[in-house]
There are 2 protein chains.
Amino acid sequence: MPKRKNIFCDTHVIDREKVERISKIMLDDSTTLDLAEIFRTLGDSTRIKILFALSKTEFCVCDLSSLLNISSSAISHQLRFLRALRLVKPAKKGRIVHYSLDDKHILKLFEEGLKHVRHK
Amino acid sequence: MPKRKNIFCDTHVIDREKVERISKIMLDDSTTLDLAEIFRTLGDSTRIKILFALSKTEFCVCDLSSLLNISSSAISHQLRFLRALRLVKPAKKGRIVHYSLDDKHILKLFEEGLKHVRHK
DNA sequence: GCGATAAATGAACAAATGTTCATATATGGG
DNA sequence: CCCATATATGAACATTTGTTCATTTATCGC
């Protein structure tokens, strides 16, 4: 018997009118990617904990490492990540770098997420 | 010269009082994991587009496949994922399965995310 | 029942992601 | 100046994640 790929649905449409209507109001790729990026950033336990801690008060790498029980190297890498997205900002004081939230707006997302988690 | 690991910060604390204070109000692991899971779910372009489309009207796999230009198999896998998290629900009508949002609350998160993306 | 097709799924594969380890850089104290 | 140490970083590695492909299941029309 001949092997056949499941290509029907990829070329067929059930409700063409609907597909075309929604197609016109779909999120554009750029917005979608930006959205995915910000959500993906919050989709990691370590980063969530870092952001939560920084929402309370500023922290240096060392103390975050101690607070979260994660190597300072790992913390540093994640902070680099968060810095690139301008979610946190560093303030150097001697050898110690104090990190704080750069974008308070992220907390709104956080709160909504918490509501969601607690509500289900 | 002897190789030495960077273990200082992992055992040392700069501001012990602060670490202990925040430690008491830290998110617990379970909540953190739940949060990470929901954000990670939204951290994928395909799933974002599926959820956005379903926020407008219900869709079958076939039409989603056509709308997003993604194989029906990929759509099906993602829907399975979203179903497991109770974000979407299926309604079978003959051979066709119509999916719709199961958790409207997720839209709040969505909106906050959009605000964030557009505001920066 | 049989053939067509919408949807689901397991397995293989590919790509992205996060951690660890070793090392480098920078700064303050002696 | 050294030396200790707070932070940063590159590379290797392991894990997770998402897609594709082949196949299966379920349902409709004949």
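Note that the structure is predicted; figures quoted are calculated from it, not measured. Below, read A as the first sequence line, B as the second, and so on, with proteins coming before strands; counting in each chain starts at 1.
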Is there a donor and acceptor pair closer than 3.5 Å between the side chain of A:Thr46 and the base of C:dT19?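 Side chain to base: no pair below 3.5 Å.
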Side-chain N,O ([X]) to OP1/OP2 ([N]) below 4.0 Å:
X	N	answer
B:Lys92	C:dA7	no
B:Ser71	D:dT20	yes
A:Arg47	C:dG18	yes
B:Tyr99	C:dA8	yes
B:Arg80	C:dA7	no

What is the distance, rounded to the nearest whole Å, between atom [atom1] of [X] and atom [atom2] of [N]?
X	N	atom1	atom2	answer
A:Ile14	D:dT27	CD1	P	16 Å
B:Phe81	D:dT19	CZ	P	11 Å
B:Ile75	D:dG18	CD1	C1'	12 Å
B:Lys93	C:dA7	NZ	C1'	16 Å
A:Leu79	D:dA6	CG	P	16 Å
A:Phe59	D:dT7	CZ	C1'	17 Å
B:Ile70	C:dA6	CD1	P	18 Å
B:Leu82	D:dG18	CG	P	10 Å

With A:Asp102, which residues qualify under salt bridge (Lys or Arg N to Asp or Glu O under 4.0 Å), at least two apart?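 Counting only residues at least two positions away or on another chain, A:Asp102 forms a salt bridge (Lys or Arg N to Asp or Glu O under 4.0 Å) with A:Lys89.
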Does a salt bridge link A:Lys108 with A:Glu111, judged by any charged N lying under 4.0 Å from a carboxylate O?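 No, no charged N to carboxylate O under 4.0 Å.
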List, by chain and then residue number, the residues other than B:Ile96 in its hydrophobic cluster (Ile/Leu/Val/Met/Phe/Trp/Tyr, side-chain heavy atoms under 4.5 Å); write none if there are no others. A:Ile14
Selection from [options] that lies nearest to any side-chain heavy atom of [X]:
X	options	value
B:Cys62	C:dA6, C:dC21, C:dA8	C:dA6
B:Arg83	C:dT9, D:dT20, C:dT20	C:dT9
A:His77	C:dT17, C:dA6, C:dT20	C:dT20
A:Ser76	C:dT9, C:dT17, D:dA8	D:dA8
B:Ile96	C:dT5, C:dA7, C:dA22	C:dA7
A:Gln78	D:dG18, C:dA8, C:dT19	C:dT19

5' priority, DNA chain C, between B:Cys60 and A:Arg95 [closest heavy atom]: B:Cys60
DNA chain C nearest-nucleotide lookup for B:His98 and A:Arg40: closer to the 5′ end is B:His98
Donor-acceptor pair, A:Lys56 side chain versus B:Met26 backbone, under 3.5 Å?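 Checking the backbone N and O of B:Met26 against the side chain of A:Lys56, no donor-acceptor pair under 3.5 Å is found.
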Side chains of A:Asp103 and A:Arg86: does their closest heavy-atom pair fall under 4.5 Å?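 Side-chain contact under 4.5 Å: no.
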Is the B:Phe110 ring parallel, tilted or perpendicular to the A:Phe39 ring (thresholds 30°, 60°)? tilted
